[in-house]
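Comments concern the structure below.
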Amino acid sequence: MSLIDTLNYFIQDQEGDLQCYEWDIREELNHEVNDVDWYVEQYDLTKQRIEDLKTIKSILENNG
């Protein structure tokens, strides 16, 4: 497996996690007492991780 393939795998994995956090946020908002802040924080961290992985992938593609 090449580095690009590995990065694509991790990007897809994180995008799946991001979608789960979106659903979790929606679900938490249905409850009067919720822990939505934690889910929003995780969502933001995951979104940033995806952007970082895409940046690394772009650098590798441009140098390869």
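Owing to the predicted nature of the structure, the values given are computational and were not obtained by experimental measurement.
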field: Results of side-chain contact (heavy atoms from CB on, under 4.5 Å) for T6 - residues two or more places apart only
entry: M1, F10
message: Whether the side chain of E28 engages the backbone of D35 through a donor-acceptor N/O pair (distance < 3.5 Å, no angle test) should be reported.
response: yes
- prompt: Taking only residues two or more places apart in sequence or in another chain, which ones pass side-chain contact (heavy atoms from CB on, under 4.5 Å) with L3?
  reply: L60
Table please: side-chain donor-acceptor pairs of residues 19-27 below 3.5 Å, with sequence neighbours left out.
from, atom 1, to, atom 2, distance (Å)
E27, OE2, H31, NE2, 3.4

- prompt: Taking only residues two or more places apart in sequence, or in another chain, which ones meet N8 in a side chain to side chain donor-acceptor pair (under 3.5 Å)?
  reply: K57
query: Just by distance, do the side chain of D13 and the backbone of Y9 share a donor-acceptor pair under 3.5 Å?
result: no
- request: Can you sort out the partners of D37 under side chain to side chain donor-acceptor pair (under 3.5 Å), two or more places apart, ordered by chain and number?
  value: none
task: Please report the shortest heavy-atom distance between K47 and L18, naming the atom on each side.
output: N-CD1, 3.9 Å
query: Is there a path of hydrophobic side-chain contacts, each under 4.5 Å between heavy atoms of I, L, V, M, F, W or Y residues, that connects V36 with W38?
result: yes
Would you mind writing out the side-chain donor-acceptor pairs for residues 48-55 within the sub-3.5 Å range, not counting sequence neighbours?
from, atom 1, to, atom 2, distance (Å)
Q48, NE2, D52, OD1, 2.8
R49, NH1, Q14, OE1, 2.7
T55, OG1, E51, O, 2.9

